[in-house]
Amino acid sequence: MKRSKKRILCVVGTRPEAIKMAPVILALREAPWAEVRVLATAQHRQMLDQVLNVFGIVPDVDMNVMRPNQSLPELTARLLGELDGVLAAEDPDALLVQGDTTTVMTAAMAAFYRGIPVGHVEAGLRTGDLRNPFPEEMNRVIAGRLSRWHFAPTASSEANLLREGFAQSSIHVTGNTVIDALIDVVARDLPPPTEVAADERLILVTAHRRENFGEPFLEICRAIRTIADRHPQVRILYPVHPNPNVADVARARLADHPRITLCQPLDYLPFVAAMKRAEIILTDSGGVQEEAPALGKPVLVMRRETERPEAVEQGVVKLVGPVCEAIVSATDELLQNAEAYRAMAKGVSPYGDGHASARIVSILHRDLFD
Ligand code: UD1
Ligand code: UDP
């Protein structure tokens, strides 16, 4: 039977996908032409549920695939194996994926096998190095190749896609939906974090990248400890990602320090509150590189490469690498040199204006009713 509405299946697997897909789901719910369905692969379990709760989203299908310390091959195989049946049952007119996780790569592939058109939200981010970040660069290249709509956050991501030969008509510069989510959350009542005293200077840390496992992550831990030792007025708050490859090491190396507070991953609201309260943010996360500049917070990125060059070019994010000496000296500079600090705390938002989801929904509407 022919449907009067178009069925759009939105796929989410991990915390950042849910944060960035939530505004699209909410915007599609308001569109009279759309029947929005939410598929949670649950590649992440607790961290995914946290975010979906914040935005009042209940998945229509939950694959519950997460296993403790899952390997990339087993996760990929489990997802691909199960996705085909779900897509057959859901029979969507279009499928949306966000970002560059294993969920994204496998969902795009499963949709391709069934001839379902794919929209890639946050398309065109590239470092040009397939192993950095690993495996995300490969995931987004494959997802891009399989997509009909490329929703690129910036002109620079659009340029990457044009260089790879994608048709201009398939690329739409929308801004990043993370700014839509951030604007929604910042408008809510956000009590400041209780872990930090009023007279303490807060440094917020996150770290989880696979290419940093092992020695680079030990360097990061050495840097965090050195910063805490050198600056008695500093409190370091580090919500630890549950991946045991980082969680076990972070606890062993840092938990005993009196001014380093390790905690469970924070819900999105308290995390945004912590970003607002922080003086400096040290991270290897993708999303935090987009949110923190919008909040006027200097970010030191503990990675060798970034696919988000815009904020670096504007001088509000600095790439320091997972290198103890570089992390410590850049942090020292920001803590001690007010002018250097002001230069990085300009409050620019190169990643969006808060209307990315509305643009995505209107492009889908136009193309699906052509
Ligand atoms: C994944 C994504 C990465 C993304 C990150 C966001 C892949 C390959 N990696 O990395 O691109 O930046 O999510 O955080 O897609 N775990 C829990 N509870 C949770 C979530 C994770 O216990 O809610 C633990 C489990 O032991 C799990 C492990 O973390 O096996 C790894 O999860 P996984 O999604 O495979 O990798 P991440 O490192 O989280
Ligand atoms: N975040 C959160 N709680 C935390 C740490 C991060 O809600 O304790 C949010 C953060 O604001 C950002 C997203 O999670 O929107 C980033 O997720 P993550 O670093 O796990 O993944 P990445 O962006 O690197 O893919």
Side-chain angles (χ1 to χ4, degrees), residues 12-23 40-55 64-76 78-79 97-107 122 125 133-140 143 176-182 184-186 190 193 195 204-213 217 237-248 262-276 278 281-292 294-295 297 299 301-303 306-308 351:
V12 290
T14 66
R15 167 173 68 190
E17 291 164 69
I19 291 170
K20 293 171 171 180
M21 189 66 94
T41 64
Q43 173 181 335
H44 281 176
R45 184 70 277 170
Q46 302 85 347
M47 295 205 297
L48 179 73
D49 296 344
Q50 279 183 350
V51 177
L52 294 176
N53 284 340
V54 167
F55 291 99
N64 200 26
V65 300
M66 194 194 89
R67 300 289 178 274
N69 204 9
Q70 56 207 2
S71 74
L72 294 176
E74 62 171 317
L75 175 64
T76 305
R78 201 162 45 245
L79 281 164
V97 290
Q98 192 291 327
D100 51 22
T101 66
T102 302
T103 287
V104 172
M105 188 261 292
T106 52
E122 198 183 73
L125 276 63
F134 174 85
E136 291 81 4
E137 179 83 355
M138 177 271 291
N139 286 340
R140 57 197 174 212
N176 197 311
T177 56
V178 75
I179 304 297
D180 304 17
L182 187 66
D184 170 342
V185 165
V186 162
L190 298 178
E195 295 86 350
L204 181 64
V205 177
T206 77
H208 71 83
R209 298 239 82 84
R210 271 184 163 73
E211 67 275 12
N212 280 345
F213 289 178
F217 189 63
L237 175 60
Y238 176 3
V240 180
H241 191 290
N243 192 324
N245 296 286
V246 296
D248 295 350
L262 303 184
C263 63
Q264 296 298 314
L266 293 171
D267 281 4
Y268 191 45
L269 268 62
F271 187 75
V272 172
M275 283 196 284
K276 282 178 72 179
I281 301 176
L282 308 182
T283 192
D284 66 6
S285 158
V288 175
Q289 292 178 60
E290 296 154 345
E291 294 161 333
L295 297 170
K297 303 298 173 173
V299 183
V301 177
M302 304 182 292
R303 296 169 53 177
T306 181
E307 57 293 279
R308 295 167 169 88
Y351 299 106

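Predicted, not measured: the structure shown is a model, and the values here were computed from it. Counting starts at 1 for both ligands and their atoms, following the listed order.
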### Message
Can you confirm, on distance only, whether ligand 2 has an N/O atom lying under 3.5 Å from any N/O atom belonging to F271?
### Response
no
### Summary
Residue, atom and distance of the protein heavy atom nearest atom 18 (N) of ligand 1 read Q46 OE1, 2.6 Å
### Query
Touching ligand 1 at all, M105? Heavy atoms, strictly under 4.0 Å?
no
### Task
Would you please say whether a donor-acceptor pair under 3.5 Å links the side chains of T76 and T102?
no
### Query
Where the side chain of D267 meets the backbone of N53, is there a donor-acceptor pair that is under 3.5 Å apart?
no
### Message
side-chain contact (heavy atoms from CB on, under 4.5 Å), that's the test. Do R303 and Q289 meet it? Break it down for me.
### Response
CA-CA 11 Å; R303 296 169 53 177; Q289 292 178 60; 3.2 Å; yes
### Message
Before you tell me yes or no, could you show the steps for V240 and L262 under side-chain contact (heavy atoms from CB on, under 4.5 Å), namely the whole-Å CA-CA distance, both residues' side-chain angles and the distance that decides it to 0.1 Å?
### Response
CA-CA 6 Å; V240 180; L262 303 184; 4.0 Å; yes
### Task
Please indicate whether any nitrogen or oxygen in H241 is less than 3.5 Å from any nitrogen or oxygen in ligand 2.
no
### Query
When you measure from atom 22 (O) of ligand 1 to every protein heavy atom, which one gives the shortest distance, and what is it?
M66 CE, 3.5 Å
### Task
Flag G286 as yes when one of its N or O atoms lies below 3.5 Å from any N or O atom of ligand 2, and as no otherwise.
yes
### Atom indices of ligand 1 within 4.0 angstrom of N69 heavy atoms, with elements
25 (C), 26 (O), 27 (C), 30 (O)
### Query
Is the shortest N/O to N/O distance between R45 and ligand 1 below 3.5 Å?
yes
### Query
Among protein heavy atoms, which lies nearest atom 20 (O) of ligand 2, and at what distance?
R15 NH2, 2.8 Å
### Message
Determine whether a donor-acceptor pair (N or O, by modelled atom type, separation under 3.5 Å) exists between the side chain of N243 and the backbone of N245.
### Response
yes
### Task
Could you list the atoms of ligand 1 found under 4.0 angstrom from a heavy atom of P135?
8 (C)
### Message
If we set the cut-off at 4.0 Å for heavy atoms, which region of Q50 has an atom near ligand 2: side chain, backbone, both, or neither?
### Response
neither
### Task
Find all atoms of ligand 2 within a distance of less than 4.0 Å from any non-hydrogen atom belonging to P16, and give their numbers and elements.
17 (O), 21 (O), 22 (P), 23 (O), 25 (O)
### Query
Which atoms from ligand 2 have a heavy atom of I19 less than 4.0 Å away?
9 (C), 13 (C), 14 (O), 15 (O)
### Task
Using atom types as modelled and distance alone, determine if a side-chain donor or acceptor of Y268 lies under 3.5 Å from a backbone N or O of V185.
no
### Message
Geometry only, no angles: is P265 polar-contacting ligand 2 at N/O separations under 3.5 Å?
### Response
no
#### Entry: Nearest neighbour of atom 36 (O) of ligand 1 from the list R210, Q43, R140, H208, on a heavy-atom basis
R210
### Query
How far is atom 29 (O) of ligand 1 from its nearest protein heavy atom, and which residue and atom is that?
N243 CA, 3.3 Å
#### Entry: Student check: side-chain heavy atoms of P68 and P244 closer than 4.5 Å
no
#### Entry: Contact check: N139 vs ligand 1, nitrogen or oxygen atoms, below 3.5 angstrom
no
### Query
For R209 and ligand 2, does the shortest N/O to N/O distance drop below 3.5 Å?
yes
#### Entry: Short side-chain to backbone donor-acceptor contact, Q43 and T103, under 3.5 Å
yes
### Task
Could you tell me whether the side chain of E195 and the main chain of A274 form a donor-acceptor pair under 3.5 Å?
no
### Query
Who's the nearest protein heavy-atom neighbour of atom 23 (O) of ligand 2, and how far?
G287 N, 2.8 Å
### Query
What protein heavy atom is closest to atom 33 (P) of ligand 1, reported as residue, atom name and distance in Å?
Q70 NE2, 3.3 Å
### Message
In the structure I gave you, are the side-chain heavy atoms of E122 and R140 within less than 4.5 Å of one another anywhere?
### Response
no
### Query
Which ligand 2 atoms are under 4.0 Å away from a heavy-atom of P239?
8 (O)
### Query
Against heavy atoms of P244, which atoms of ligand 1 measure under 4.0 Å?
26 (O)
### Query
Any donor and acceptor pair, going by atom type alone, linking the side chain of T177 with main-chain N or O of K20 inside 3.5 Å?
yes
### Query
Which heavy atom of the protein is the closest neighbour of atom 20 (C) of ligand 1, given with residue, atom name and distance?
H44 CD2, 3.2 Å
### Mode of P265 contact toward ligand 1 - side chain, backbone, both, neither (heavy atoms, under 4.0 Å)
neither
### Summary
For M47, the ligand 1 atoms with a heavy-atom partner under 4.0 Å come out as 20 (C), 23 (O)
### Task
If you have a sec, work out which protein heavy atom is nearest atom 30 (O) of ligand 1 and how many Å separate them, to one decimal?
R67 O, 2.7 Å
### Task
Check for a donor-acceptor pair, side chain of D100 on one end and backbone N or O of E137 on the other, with a separation under 3.5 Å.
no
### Query
Salt bridge between E136 and R209, side-chain N to carboxylate O under 4.0 Å?
yes
### Task
Could you tell me whether the side chain of E211 and the main chain of F134 form a donor-acceptor pair under 3.5 Å?
yes
#### Entry: Ligand-residue contact atoms, ligand 1 with T102, heavy atoms, under 4.0 Å
7 (C), 8 (C), 15 (O)
### Task
Give the ring-plane orientation class for Y238 versus F217, where under 30° counts as parallel, over 60° as perpendicular and anything between as tilted.
perpendicular
### Task
Answer yes or no: does an N/O atom from E291 fall short of 3.5 Å to an N/O atom of ligand 2?
yes
### Query
Between the side chain of R67 and the main-chain N/O of V65, is any donor-acceptor distance below 3.5 Å?
yes
### Message
I'd like to check which ligand 1 atoms, numbered from 1 as shown, lie under 4.0 Å from a non-hydrogen atom of L72.
### Response
8 (C)
### Message
Using a 4.0 Å cutoff against the non-hydrogen atoms of E136, which atoms of ligand 1 qualify?
### Response
3 (C), 9 (N), 11 (O)
### Summary
Here the atoms of ligand 2 under 4.0 Å from any heavy atom belonging to L266 are 2 (C), 3 (N), 4 (C), 7 (O), 8 (O)
### Query
Taking both backbone and side-chain atoms of S285, is any N or O found less than 3.5 Å from an N or O belonging to ligand 2?
yes
